[in-house]
Number of protein chains: 2
Amino acid sequence: MARKTSDSTVRRLSRYLRRLRKLDAQDRKVVSSRELAETTGTTAAQVRKDLSHFGSFGKRGQGYSVGDLRVHLEEILGLDHRWTVAVLGIGKIGSALLGYGYFTERGFDIAAAFDSDPSKIGSELGGVRIQPLNALEEAFREHRISIAIIATPVEAAQDAASRAVSAGARAILNFAPIKLSLPEGVALREMDVTLELEGLCYLVTEASTPADGPE
Amino acid sequence: MARKTSDSTVRRLSRYLRRLRKLDAQDRKVVSSRELAETTGTTAAQVRKDLSHFGSFGKRGQGYSVGDLRVHLEEILGLDHRWTVAVLGIGKIGSALLGYGYFTERGFDIAAAFDSDPSKIGSELGGVRIQPLNALEEAFREHRISIAIIATPVEAAQDAASRAVSAGARAILNFAPIKLSLPEGVALREMDVTLELEGLCYLVTEASTPADGPE
DNA sequence: ATGTTCTTGTGATTCACTTCACAAGCGGGA
DNA sequence: TCCCGCTTGTGAAGTGAATCACAAGAACAT
Ligand SMILES: NC(=O)c1ccc[n+]([C@@H]2O[C@H](COP(=O)([O-])OP(=O)(O)OC[C@H]3O[C@@H](n4cnc5c(N)ncnc54)[C@H](O)[C@@H]3O)[C@@H](O)[C@H]2O)c1
Ligand SMILES: NC(=O)c1ccc[n+]([C@@H]2O[C@H](COP(=O)([O-])OP(=O)(O)OC[C@H]3O[C@@H](n4cnc5c(N)ncnc54)[C@H](O)[C@@H]3O)[C@@H](O)[C@H]2O)c1
């Protein structure tokens with residue numbers, strides 16, 4: 001079964017799942033592609049195409065069973081089990097992540113936190129003890145950590161990421177504004193606030209250029 | 001001049017600019033599309049296509065002048081002047097943003113911060129005083145704030161965003177995991193950590209399905 | 001001048017994602 | 001049983017972005 005699902009499809013699937021979990025909590029039994037589309041910001045046809053890529057989960061004339069589709073999506077996305085995560089760099093962003101309660105209920109456990117600053121080591125945040133970098137390899141092995149979140153200063157980010165990968169990380173979520181180079185096969189996503197802000201600037205600027213009138 | 005630049009192009013332009021600023025600081029005079037591509041994670045042809053959409057800034061056989069191209073990109077992206085930003089919700093994420101020194105050197109000034117918690121109001125963080133929500137309209141007017149960053153709990157996000165828009169915000173950067181509905185013409189970008197994490201889970205899961213062998 | 005080398009700018013092409021449109025199918029009512 | 005309203009699943013068509021490939025041009029050496 002040769003998958004080749006695009007990033008944008010995966011992002012939408014995540015959104016559908018988020019919605020389905022909410023509907024499930026509200027005891028809704030079925031949902032149509034139209035409703036799912038409206039509440040996640042896409043089109044009904046897109047929803048059906050996305051899902052049809054993995055199987056046919058709906059009933060014609062009726063819609064999708066909220067519970068069933070939820071389970072299917074969790075399986076497709078690999079969210080049918082919990083994931084163990086490590087955070088590297090417990091500064092402003094790292095601390096915020098350790099204190100973010102929502103991760104747990106979404107299936108992510110922050111199992112370890114690392115910092116190079118001796119004065120931070122040993123203290124606890126969000127129930128996680130901050131460890132020195134030399135404890136990294138063992139912690140990754142012990143907790144079978146597969147995802148590392150990089151929240152170090154930009155100069156340290158590449159080293160931190162490489163080390164996490166050597167220790168067994170198979171995916172990196174990077175908060176530092178730098179292009180990481182990682183070995184083939186390691187997944188990478190970026191959270192780049194400045195990049196997004198600059199994108200907004202472009203849109204605002206473009207929208208207010210008086211140069212071109214309507215049409 | 002009918003622009004219709006795609007999001008992905010704008011994102012790349014931001015990356016080029018980031019690189020150019022660094023090269024400029026290092027006193028590099030010229031750069032080729034090839035080098036720019038390699039250091040930003042794309043292809044030379046893509047770099048040239050992106051730029052050619054706005055004009056021809058290079059010299060054949062030589063490459064691009066770092067300084068000139070930098071200025072052009074700043075102008076294209078609307079980064080040839082400073083932008084004033086407000087943060088709504090000064091909790092874990094909001095505090096991290098107020099303390100993020102890098103914004104200033106990238107042309108963004110956080111001019112105002114708002115929170116609904118009376119115990120936070122009046123205190124200062126990163127040189128910005130936290131204000132009550134009822135000061136929002138005046139502050140937006142006074143500082144001509146056009147970008148609002150939403151860092152409130154998810155339940156408060158829609159209200160906060162709507163209020164910012166009414167007060168004059170033309171762009172929203174949203175950290176809350178919810179689909180905001182905003183009037184036409186207001187730009188929106190999302191920072192959704194959980195969505196990115198879930199995307200990573202999919203990639204890791206997919207990469208390790210033993211089902212399909214190589215090719 | 002002429003040739004050589006290098007790199008841009010850009011039509012043409014390929015590729016991938018989105019939208020369209022409709023047959024297939026389900027449930028309910030008469 | 002047959003019909004009707006509704007929604008899915010999916011080929012086909014449409015759209016837009018990425019890649020290719022090469023002529024045009026710039027500098028420099030001879
Ligand atoms: N604060 C923000 O709002 C914000 C916004 C966008 C991006 N970022 C990026 O996120 C990253 C972290 O930002 P921050 O504001 O939390 O920085 P910070 O300075 O508050 O924290 C960085 C932490 O990393 C630790 N550290 C340094 N070197 C390390 C190493 N080699 N291994 C492990 N830990 C190490 C430091 O001791 C410190 O505790 C930076 O790359 C920054 O550019 C931050
Ligand atoms: N902490 C994280 O690492 C993290 C990660 C991803 C996403 N988020 C999202 O970012 C948002 C903020 O998260 P946080 O962890 O900083 O939360 P938080 O609870 O630490 O802070 C929220 C702040 O918003 C304030 N607030 C509440 N209602 C408000 C209103 N109507 N107007 C203005 N301020 C209001 C609260 O007083 C509080 O100070 C949430 O939506 C969260 O889901 C947080």
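Within every chain, numbering begins at 1; the chains are lettered A, B, ... in the order of the sequence lines, protein sequences first and strands thereafter. Excluded from the calculations below are hydrogen atoms, water molecules and symmetry mates; all remaining heavy atoms, backbone and side chain alike, are included.
- Using a 4.0 Å cut-off between charged nitrogen and carboxylate oxygen, B:Arg11 and A:Glu198 do not count as a salt-bridge pair.
- Applying a 4.0 Å cut-off to non-hydrogen atoms, the residues of residues 59-67 of chain A that approach DNA chain D are A:Lys59, A:Arg60, A:Gly61, A:Gln62, A:Gly63, A:Tyr64, listed by residue number.
- A:Thr9 comes within 4.0 angstrom of no nucleic acid atom, judged by non-hydrogen atoms across all strands.
- Of the charged side-chain nitrogens involved, at least one lies within less than 4.0 Å of a carboxylate oxygen, so that A:Arg28 and A:Glu35 count as a salt-bridged pair.
- Evaluation of the salt bridge (Lys or Arg N to Asp or Glu O under 4.0 Å) test over residues 80-100 of chain A, restricted to residues two or more places apart or in two chains, returns A:Arg82-A:Asp109.
- The interatomic distance linking B:Phe57 (CZ) with C:dT10 (P) rounds to 11 Å, in whole Å.
- For the helix from C:dA1-D:dT30 to C:dA30-D:dT1, the axis fitted to the five pairs at one end and the axis fitted to the five pairs at the other end meet at an angle of 10° (nearest 10 degrees).
- Listed by chain and number, the residues in a salt bridge (Lys or Arg N to Asp or Glu O under 4.0 Å) with B:Glu74 are B:Arg21, B:Arg70 (sequence neighbours excluded).
- Residue contacts for B:Thr43: at a heavy-atom cut-off of 4.0 Å it reaches the sugar-phosphate backbone alone, with no base atom in range.
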Q: Would you sort out whether B:Thr5 and A:Tyr202 count as a side-chain hydrogen bond (donor to acceptor under 3.5 Å, both in side chains), showing the intermediate values?
A: CA-CA 10 Å; B:Thr5 317; A:Tyr202 172 80; 2.9 Å; yes
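- Here the P atom of nucleotide C:dT8 and the CD atom of B:Gln46 are 14 Å apart, to the nearest Å.
- Counting only residues at least two apart or on different chains, the salt bridge (Lys or Arg N to Asp or Glu O under 4.0 Å) pairs with a member in residues 161-177 of chain A are A:Glu137-A:Arg163.
- What separates NE2 of B:His53 from P of C:dG11 is a distance of 12 Å, to the nearest Å.
- With sequence neighbours excluded, no residue satisfies side-chain hydrogen bond (donor to acceptor under 3.5 Å, both in side chains) with B:Ser32.
- Side-chain atoms of A:Tyr16 and A:Thr42 form no donor-acceptor pair, as typed in the model, at a separation below 3.5 Å.
- Nearer the 5' end of DNA chain D, as judged by each residue's closest nucleotide, is the contact made by A:Gly55, out of B:Arg12 and A:Gly55.
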Without placing hydrogens or testing angles, list every side-chain donor-acceptor pair under 3.5 Å for residues 174-185 of chain A, not counting sequence neighbours.
residue: A:Asn174; atom: OD1; partner: A:Ala176; partner atom: N; Å: 2.9
residue: A:Asn174; atom: ND2; partner: A:Ala176; partner atom: O; Å: 3.0
residue: A:Asn174; atom: ND2; partner: A:Ile178; partner atom: O; Å: 3.2

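- Sequence neighbours left out, the pairs with a member in residues 46-56 of chain B that pass salt bridge (Lys or Arg N to Asp or Glu O under 4.0 Å) are B:Arg12-B:Asp50.
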Using atom types as modelled, flag every donor-acceptor pair under 3.5 Å from a side chain in residues 54-69 of chain B to any protein atom, sequence neighbours excluded.
residue: B:Ser65; atom: OG; partner: B:Asp68; partner atom: N; Å: 3.1

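- Between A:Arg15 and A:Leu13 the shortest side-chain heavy-atom distance does not fall below 4.5 Å.
- At whole-Å resolution of the value, CZ in B:Arg48 and P in C:dG11 are 14 Å apart.
- The span of DNA chain D lying next to chain A, judged by atoms under 4.0 Å from heavy atoms, is bounded 5' to 3' by D:dC6 to D:dA12.
- Sorted by residue number, the members of residues 18-33 of chain A with any non-hydrogen atom under 4.0 Å from DNA chain D read A:Ser32, A:Ser33.
- Listed by first then second residue, pairs satisfying salt bridge (Lys or Arg N to Asp or Glu O under 4.0 Å) with a partner in residues 140-154 of chain A number zero, not counting sequence neighbours.
- Distance A:Lys4 NZ to C:dA16 P: 7 Å, rounded to the nearest Å.
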